[in-house]
Amino acid sequence: FEQAALTEPLAVSLRCVMETPVNPGDTVAVLGVGAIGQMIIRLASWRGAQVTAFGRKPERLKLAQAFGGADQVVSLADGFTQAETIRKQY
């Protein structure tokens, strides 16, 4: 049952990356580093994109960078809104 529990999040992540034209060298911003966000980070990285992960939990941001393939992580825990942080990054 544990493996089956990840079927739906994986399907959502695959559809996201497959329906969005992610190509080598593209820049991808992933807002949220929960289960689906982590999978999207990994899939986009496998497709050759430069991935920036935005999230609030430091432990999940570390996972996104160490295991998920995020090239850069941005913590939103310091009170910045996502829009302000993205504008500063890009």
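- The side-chain heavy atoms of R56 and S75, taken from C-beta on, include no pair separated by under 4.5 Å.
- One finds the CZ atom of R42 at 10.5 Å from the CZ atom of F67 (value rounded to the nearest 0.5 Å).
- Counting all heavy atoms, side chain and backbone alike, Q65 lies closest to Q72 at NE2-CA, 4.1 Å.
- Considering CG of L10 and CD1 of I36, their distance stands at 10.0 Å, rounded to 0.5 Å.
- Between L6 and M39, the closest side-chain pair of non-hydrogen atoms falls below 4.5 Å.
- The heavy-atom pair separating M18 from R47 by the smallest distance is CA-NH1, 3.8 Å.
- Using a 4.5 Å heavy-atom threshold, the side chains of V33 and I41 count as touching.
- For residues 8-18, the side chain to side chain donor-acceptor pair (under 3.5 Å) pairs, not counting sequence neighbours, are R15-E19.
- Considering every non-hydrogen atom in both G69 and S45, the closest pair reads O-OG, 3.5 Å.
- Remark: the backbone N or O of A49 is not paired with any side-chain donor or acceptor of D26 at under 3.5 angstrom.
- Across F54 and L61, no two heavy atoms sit closer than the pair C-CD2, 4.3 Å.
- Of the possible polar contacts, one joining the T7 side chain to the A4 backbone as a donor-acceptor pair under 3.5 Å is found.
- Annotation: side chain of Q50 is not in contact with side chain of V28 (no heavy-atom distance under 4.5 Å).
- The shortest non-hydrogen separation linking V51 to A44 is CG2-CB, 3.9 Å.
- Using a 4.5 Å heavy-atom cutoff, the side chains of V73 and T52 are not in contact.
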